[in-house]
Amino acid sequence: MEITLDVSELEPCEPLEQTLSAIDQLQPGDFLHVFHRREPLLLFPLLEKKGVGWHCREGGPAGYEIYIWMADDAVAEQQVRGSLAG
Amino acid sequence: MLNTANLSLEQAPPISIPFRFFLTAPLFGLLAGLLMLYYGPDMVTSRWSPATLALTHALTLGVMSMVMCGAMMQMLPVLAGSPLPRVREVGTVLHLAMIIGTLGLVLGFISSDGRWFGVALSALAVGFAPFFVALFVALIRVKVLSPTILGMRFAGTALLVTIGLGMLVLMARVGWLELGNPVPWVDTHLSWGLVGWVGLLLVSVAYQVVPMFHVTPEYPEWLRGYLTKGLFGLLIVWTLVGAVWPTVFYQDILMLLSLGCYVLFALQTLKLFQQKRRKVKDATLLFWRVSLVGIVLAVGLWAVMVLFSDQLSGYLTTFVLLIGAVVLLAAVAVINAMLYKIVPFLSWFHLQHRQLALMSFTVSVPHMKAFLADKHVKRQSYLWLASALLLLLAIVVDGVLIYPGALLFVIANLYLFINLALIYRLYRQVSGQLDEAAGPTPVAG
């Protein structure tokens, strides 16, 4: 299931905090679809440490969208690839 | 793997490296204030007075360059995935060298004892040589050339030129070499220092800091693409004209074009602040707005001075001092504002990263706002701005106003130091708690 999170109008460190908190609440099969106004370069090293998969691309309502899923959740990853292709 | 980001906080220096630079800067601000208190109105009689030269370098080297060098060491690995090689050693040596070098310069100017200049020259050479090597290696190795990194390349080059010229002037002063009339050398040194190093780096960093921390739109692409290139190019042409075919008229035109670039940047930044997406109260905005308006006014004053220099002949010293003071104070104010965003953020970010590395989830990392209360930012900024106003009035109205201005400047810098020290103290406390919660063998990170 897709969980959307719009952090595009928040000041640091809210976008990072809310994203990390939302990741902690992901259920099996869920993926996070984050909307942000900038490419969140500082999020990526934290995501790497958390052991999640992610993909960032330009687009979405705010400028950038980041898809995040638990690295061992093949179902969620499949859904992300489906969203990206579609 | 779909993502290609190549960033790792392990590549960044330990937080104590940039933080020692950030914490030392307000102490030199304090020294600047004490110099003003001691020398009083003598400071505002001429830009060549020894006390004024000491003050200028306490601010440009001890405050501004101190923060800016520390910031570059942190930003290059985090923003561009390109760490400075041997950053711990380079940073440690540079920090000590800048303290000794700046103190040597200040003591040299106020005592007229050339041996202090010898100390300054040696310290700055020992500190900056490895720093420049490491910096340019990191700047050249970046994989993606953003406008910020390009601007940093220009700024780093400008710093090299500034320090090189400064050393030549100093060596001539102590009789180690012959330069002839020092004035054009000094003017070139200070132009590369302010219009080049300080201006270029603050603009490049603002491209990141303003949209990120103040939730504004990005700077326009055309500005990010051309501003620093234009500025650097103009500075080079200005220097070559001055060296090969010194003509005041053409040099003034070129300098006016360069300063016009800063007016453009200032107006665009003010416009971005107007377009903030969320109207949250931001205690650092006052620093920014006053500084940016100050820059526009300073350039206006410079243009008036250059265009009407004959009619203003009796007031030229006042104009020069006023313009110089506005530019220096504006730059220090912008740096002050940026520190209030960068230092709490870096503390929070390093702790988040450490928590994930240690898996110490029983300890919660404080929210960024918990590191520094808004009321302290506001009070310190009001004190600082009041001192700046009094110092400027001391130049144009009555030199005696330098005393209350300098006193407030001392207090404002002490307040800034305390604010930053408290942030670092909270960082150390939480970092210790994370280590304890992790168990006997914490992972270094």
Side-chain angles (χ1 to χ4, degrees), chain A residues 6-25 31-59 61-69 71 74 76-85, chain B residues 1-12 75 77-81 144 146 148 207-218 276-282 284 341-342 344-359 361 364-371 443 445:
Chain A
D6 187 344
V7 295
S8 63
E9 300 203 354
L10 301 177
E11 298 185 311
C13 54
E14 296 282 347
L16 295 177
E17 274 196 340
Q18 290 201 12
T19 305
L20 292 174
S21 174
I23 291 171
D24 288 337
Q25 288 163 43
F31 67 92
L32 203 53
H33 188 181
V34 182
F35 303 119
H36 203 5
R37 68 183 187 281
R38 319 184 83 225
E39 189 180 2
L41 296 175
L42 299 176
L43 175 65
F44 303 143
L46 298 177
L47 294 183
E48 216 171 278
K49 274 275 174 288
K50 262 187 114 60
V52 299
W54 77 92
H55 177 74
C56 178
R57 67 176 183 183
E58 284 190 47
Y64 287 88
E65 36 185 7
I66 308 102
Y67 295 86
I68 302 171
W69 64 96
E77 185 172 354
Q78 205 48 49
Q79 290 192 48
V80 169
R81 290 184 188 278
S83 285
L84 289 170
Chain B
M1 186 63 213
L2 300 172
N3 189 283
T4 55
N6 185 29
L7 292 160
S8 167
L9 203 54
E10 275 88 19
Q11 295 174 314
M75 289 182 87
V78 171
L79 284 181
V144 178
S146 66
T148 294
Y207 291 162
Q208 296 290 331
V209 166
V210 170
M212 178 176 164
F213 286 104
H214 299 279
V215 200
T216 69
E218 298 286 343
K276 273 163 67 79
R277 290 179 195 196
R278 279 175 82 216
K279 307 290 177 199
V280 279
K281 286 207 160 96
D282 185 338
T284 62
K341 295 293 185 190
I342 292 172
F345 178 78
L346 277 179
S347 303
W348 176 89
F349 186 67
H350 273 254
L351 286 171
Q352 271 297 345
H353 195 267
R354 194 167 184 77
Q355 181 181 56
L356 291 170
L358 297 174
M359 312 273 274
F361 298 111
S364 65
V365 173
H367 191 278
M368 200 172 115
K369 291 269 182 202
F371 284 88
V443 171

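In what follows, chains are A, B, ... by sequence order, proteins preceding strands, each numbered from 1.
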*Tell me, out of A:E11, A:R37, A:E14, who's got the most heavy-atom pairs with chain B below 4.5 Å.*
A:R37

*Quick one: does B:M368's side chain get under 4.5 Å of A:E17's, heavy atoms only?*
no

*Who are the ring-ring contact (aromatic ring centres under 6.0 Å, His included) partners of A:H33, not counting sequence neighbours?*
A:F35, A:Y67

*Residue B:Q355 versus chain A: region with a heavy atom under 4.5 Å*: neither

_Can you tell me how far apart CE (B:M359) and NZ (A:K49) are? Round to the nearest 0.5 Å._
11.0 Å

*Portion of B:P211 that has a non-hydrogen atom of chain A nearer than 4.5 angstrom*: both

*Is chain A contacted by the side chain of B:H367, its backbone, both, or neither, given a heavy-atom distance below 4.5 Å?*
both

*Taking every heavy-atom pair that is under 4.5 Å apart, which of A:I66, A:L16, A:L10 has the most such pairs with chain B?*
A:L16

*Only counting residues at least two apart or in another chain, list the ones meeting ring-ring contact (aromatic ring centres under 6.0 Å, His included) with B:F345.*
B:F213, B:F349

*Which atoms form the tightest heavy-atom contact between A:L41 and B:L79, and what is the distance?*
CD1-O, 4.0 Å

